[in-house]
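Take a look at the structure below.
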Amino acid sequence: MPTITLPDGSERALDEGATAGDLAAAIGRRLNKDAVIADVNGIQRDLTAPLADGDRVAIFTSQSDEGLFTIRHSTAHVLAQAVLDLFEGATFAIGPPVENGFYYDFLLPEDPDGTPRTFTPEDLDRIEVRMREIIGEAQPFVRDELTDTRAREVFADHPFKLEIIDGEADDPTSVTEPGRVRTYENPPAKPKELQPFHGYDGFVDLCRGPHVPDTSRFLGHFKLMRVAGAYWRGDEHRPMLQRIYGTAWATKADLDAHLHQLEEAAARDHRKLGTELDLISFPTELGAGLAIWHPKGGIIRKQMEDYSRARHERGGYDFVYTPHLANGRLFAESGHLQNYHDDMYPPMELDNGEYYPKPMNCPMHVLVYRSRQRSYRELPLRLFELGTVYRYERSGTLHGLLRIRGFTQDDSHIFCTPDQVVDEIASLLQFILSVLRAFGFDDFEAKLSTRPESKSLGSDENWKAAAAALRSALEREQLPYTVDEGAGAFYGPKIDIDIRDAIGRTWQLSTIQADFTTPERFGLEFVAADGSRQRPIMIHRALFGSIERFFGVLLEHFAGAFPTWLAPIQARVLAVRDDHEDYAAAVVSRLRAAGIRVDADPADEKLGNRIRKAKLEKIPYVLVVGDDDVAAGSVGVNPRGGDVERGVALDAFTERLHGEIAEHSRASASTTVTTNS
RNA sequence: GCCCGGGUAGCUCAGUCGGUAGAGCAAUUCACUCGUAAUGAAUAGGUCAGGAGUUCGAUUCUCCUCCCGGGCUCCA
């Protein structure tokens, strides 16, 4: 007897003889929605065939994860068909759905002079036109199954498809797990002799489905976004293909909302705002991936650092300082030269060895620990440093402040006994979340990363013990987490904390890494209560991750409108006329004496223009002073994002501002952790 | 590192089918003295990213390098 899964997840049995198409229509009417997709047996799309015993039908709405997956996946096929129609001799590889859309990889024939043909922006326009024609033609998606012999004939001109047929390449389009649509994952259990096969109107693609019923249904709300190079199978030693990215949605409103979100993100870009607000810059004279901080950026950074130091001081950390360079012997002992060499700047040759800029602070902190004999009474020993490191990131990966070559980590290494490690990581999680909340973030998700397949140090037991410690701390704090197999650092597994920003993007910032390996390599010991020598466990953690990256994320999160406690200029005083300047100067010095960061813009331009400039600089408070204020000792308060208030007593304003700034420290002093769902 | 696209004044950009460049904003000066998002005028500002080649002549064409953006890959 066939069974059906409804959008609410419930299941029920069906009469034989019904078709998926009948069902979808009936269910759609019941749900009061036309946009319903039926999926038979997880792979098949044939709405007209009667259902048979054992068939499983799933019905979902077009805006569910499954529905969007189906729509994006089907649109990718339309893209492939359009490209093959328009470009003689083009061959195609894979085209899976991804977050917000889909892509498809192609290889175009070489030009007569031997140069590889590439897609241009004009090509994308042509392709989009052809795609809309195909959609208008309502071509059905028809499923067929071929033997691999026959499939090799069908795809004889498409070597990448042949690799998939021969099982030498995974086809990510076979990943049908809802909501997880990453490439190169979950290799399909393919029957060797029977290849799934979809074809329509002369265009044939290798695929497992599911698809929409025909190209006219649910498709059309898409846009081709860009073309980029991508290696076949993600391997830089394989051919570089041309990848076309598109976005696709169930409705026009969803598509428009997505495009609007992209504009919003572009307007918040930290590189753009960093320049506009005169916070940071990347002079080409400095070299790639290196930033300088201007005075206003410097104020914000100092606030961040001051706050961080204050919290760490209260949190029981000891402050250390270590140099930017070290003899290569240190990095040989730590394992960095073997495992991290590609990311390190080259050494400086000196009389007594090679000196490397440090890519991490850990070896230096280990030396602090090892500088004398340690007792269990000292543990956990928490060493903290705002440590600047240099990593030779590959040039193509650099991205403003978010991926940079010289950066400062708010880095800590905690040395503790094996008994202490779970408690310590659990309280670390609380500490980290509390500090992140103080900066206006409240939506977190954790990721646990386990041992990499290559380039790692230490025994399996140690790795397992470390991962278990991280896992139990996560569970104790009830922080939702996912597991990322093989993504750990070379010395141990790690927890990464993702935060979600004001427009819903996630950023990976904080990291906690449990390390049983480094203490062994460096022969670290402490004297236990019974007098025996024991090995401590080392916890690496960065809270902001890096000051630069955190600052970049904050800048985008607040769209440049930093909260008052962080704002480089908290208030600006504007005299209405020249003869109010003396009073304006008095207001400035009163506020400055009260610890407010304040400046003035003299009255040689119209008031309206000076207000406009202050607003563009996103200054939290604009204070306008004129005749009334001189007489009454007041100010006109024009707050960012609020209503103008005339005649506010200066003392009252100062108090209000102090209150606002203090509220931040009160709110963040609490270390209570509440889990988000 | 690889693929694609770029680099013109502090910023955003126009322009030169090869004859060494222009706007708006910003800056400076002057005038205006104005109560909540753009007052007017004048001045100054550029080895057209850097280097080499072709040419009578290169910002423009070619090549190389550097830097930036979007991806691949990687990461704090």
Side-chain angles (χ1 to χ4, degrees), chain A residues 103 105 116 118-121 183 225-245 266 269 271-272 275-276 278 281-290 340 342-343 359-361 387 389 391-405 407-411 449 487 489 494 496-497 507-511 513 540-550 552-553 574-581 602-617 622-629 636-639 643-647:
Chain A
Y103 68 79
D105 286 347
T118 55
F119 292 114
T120 63
T183 54
M225 303 301 285
R226 67 180 72 91
V227 53
Y231 298 107
W232 169 231
R233 299 172 64 186
D235 180 346
E236 58 186 303
H237 305 296
R238 307 294 305 263
M240 169 77 68
L241 308 177
Q242 294 273 302
R243 176 170 297 175
I244 296 178
Y245 281 92
D269 191 295
R271 295 161 298 186
K272 176 174 144 69
T275 303
E276 282 175 7
D278 195 15
S281 61
F282 302 88
T284 59
E285 300 89 323
L286 254 187
L290 299 168
Y340 208 73
D342 292 348
D343 289 303
M360 294 187 190
N361 301 298
V389 297
R391 298 186 185 172
Y392 190 71
E393 303 288 353
R394 300 208 285 175
S395 61
T397 65
L398 300 172
H399 181 85
L401 289 175
L402 302 180
R403 190 74 185 276
I404 195 168
R405 283 180 172 163
F407 59 99
T408 301
Q409 295 183 302
D410 59 334
D411 207 0
S449 301
K494 62 178 181 174
D496 290 320
I497 296 173
W507 305 92
Q508 195 250 295
L509 297 165
S510 314
T511 177
Q513 307 174 357
H540 307 240
R541 56 110 274 204
L543 198 164
F544 293 151
S546 83
I547 306 267
E548 287 79 1
R549 180 179 284 184
F550 195 74
V553 171
L574 305 179
V576 173
R577 281 194 322 271
D578 271 357
D579 45 334
H580 304 129
E581 291 287 12
D604 53 9
E605 269 178 295
K606 294 189 86 165
L607 181 63
N609 194 27
R610 287 178 286 146
I611 287 172
R612 177 169 185 273
K613 286 198 287 189
K615 294 292 178 185
L616 291 175
E617 289 179 50
V622 178
L623 306 179
V624 175
V625 294
D627 290 331
D628 302 348
D629 300 296
V637 179
N638 184 338
D643 295 330
V644 173
E645 203 179 338
R646 291 276 299 270

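Remember, predicted model here, so these are calculated numbers, not experimental data. Hydrogens, waters and symmetry mates are skipped; everything else that's a heavy atom, side chains included, is used. Below, chains carry the letters A, B, ... as their sequence lines are ordered, and counting in each starts from 1.
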Between [atom1] of [X] and [atom2] of [Y], what distance do you get to the nearest 0.5 Å?
X: A:Gln409; Y: A:Arg541; atom1: CD; atom2: CZ; value: 10.0 Å
X: A:Ile404; Y: A:Leu398; atom1: CD1; atom2: CG; value: 8.5 Å
X: A:Arg243; Y: A:Trp232; atom1: CZ; atom2: CH2; value: 10.5 Å
X: A:His580; Y: A:Asp629; atom1: NE2; atom2: CG; value: 8.5 Å
X: A:Asp410; Y: A:Asn361; atom1: CG; atom2: CG; value: 10.0 Å
X: A:Asp578; Y: A:Asp604; atom1: CG; atom2: CG; value: 8.0 Å

Annotated protein contacts, base or backbone, on nucleotides 24-34 of chain B with a non-hydrogen cut-off under 4.0 Å, one of B, S, - each: -------BBBB
Classify [X] by what it touches in the nucleic acid, base, sugar-phosphate, or nothing, heavy-atom distance under 4.0 Å.
X: A:Thr284; result: sugar-phosphate
X: A:Asp629; result: base
X: A:Gln508; result: sugar-phosphate
X: A:Tyr392; result: sugar-phosphate
X: A:Gly387; result: nothing
X: A:Asp496; result: nothing
X: A:Glu276; result: nothing
X: A:Leu241; result: nothing
X: A:Gly552; result: nothing

Pi stacking test for A:Phe407 and B:A76: under 5.5 Å apart, planes under 30°: yes
CA sep, side-chain torsions, deciding dist, call: A:Glu617, A:Asp278, side-chain contact (heavy atoms from CB on, under 4.5 Å): CA-CA 9 Å; A:Glu617 289 179 50; A:Asp278 195 15; over 6 Å; no
Between [atom2] of [N] and [atom1] of [X], the distance in whole Å:
X: A:Arg226; N: B:G71; atom1: CZ; atom2: P; answer: 5 Å
X: A:Arg391; N: B:C75; atom1: CZ; atom2: P; answer: 10 Å
X: A:Asn638; N: B:A37; atom1: CG; atom2: C1'; answer: 9 Å
X: A:Glu393; N: B:G71; atom1: CD; atom2: P; answer: 17 Å
X: A:Phe282; N: B:A49; atom1: CZ; atom2: P; answer: 21 Å
X: A:Leu398; N: B:C2; atom1: CG; atom2: C1'; answer: 14 Å
X: A:Arg549; N: B:C74; atom1: CZ; atom2: C1'; answer: 11 Å
X: A:Leu402; N: B:G70; atom1: CG; atom2: P; answer: 10 Å

Cation-pi check, A:Arg549 onto A:Phe544 ring (under 6.0 Å, within 45° of axis): no
Determine: side-chain N/O of [X] to OP1/OP2 of [N], distance under 4.0 Å, yes or no.
X: A:Tyr103; N: B:C72; value: no
X: A:Ser395; N: B:G1; value: yes
X: A:Lys494; N: B:A76; value: yes
X: A:Tyr245; N: B:C72; value: yes
X: A:His399; N: B:C74; value: no

Can you tell me the base-pairing partner of [N]? Count Watson-Crick or G-U wobble geometry only, both distances below 3.5 Å, and say none if there is no partner.
N: B:G57; result: none
N: B:U33; result: none
N: B:A27; result: B:U43
N: B:C13; result: B:G22
N: B:C75; result: none
N: B:G5; result: B:C68
N: B:C48; result: none

Please report the distance separating the [atom1] of [N] from the corresponding atom of [M], rounded so that it comes out in whole Å.
N: B:U47; M: B:C11; atom1: P; result: 13 Å
N: B:G53; M: B:A9; atom1: C1'; result: 29 Å
N: B:A27; M: B:U73; atom1: C1'; result: 44 Å
N: B:G5; M: B:C63; atom1: P; result: 12 Å
N: B:G1; M: B:U20; atom1: P; result: 38 Å
N: B:A58; M: B:G45; atom1: P; result: 24 Å
N: B:U36; M: B:C32; atom1: P; result: 22 Å
N: B:G6; M: B:C13; atom1: C1'; result: 14 Å

From C-beta outward on [X], which listed nucleotide comes closest to its side chain: [options]?
X: A:Thr397; options: B:U73, B:G35, B:A37; value: B:U73
X: A:Val644; options: B:A76, B:U36, B:G69; value: B:U36
X: A:Lys615; options: B:A37, B:C67, B:C3; value: B:A37

If you go through the side-chain atoms of [X], does one of them form a donor-acceptor pair with the base of [N] closer than 3.5 Å?
X: A:Asp627; N: B:G35; answer: no
X: A:Tyr231; N: B:G71; answer: no
X: A:Arg403; N: B:C74; answer: yes

Residue mapping more 5' on RNA chain B - nearest nucleotide basis, A:Gln513 or A:Gln242: A:Gln242
Which residue lies more 5' along RNA chain B, comparing A:Gly608 with A:Gly545 via nearest heavy atoms: A:Gly608
Salt bridge A:Asp627-A:Arg577, side-chain N to carboxylate O under 4.0 Å: yes
More than 12 heavy atoms from other groups under 6.0 Å of OH on A:Tyr340: yes
Backbone N/O of A:Pro602 and side chain of A:Glu581: donor-acceptor pair under 3.5 Å: no
Stepwise side-chain contact (heavy atoms from CB on, under 4.5 Å) check, A:Phe282 with A:Leu401: CA-CA 9 Å; A:Phe282 302 88; A:Leu401 289 175; 3.9 Å; yes
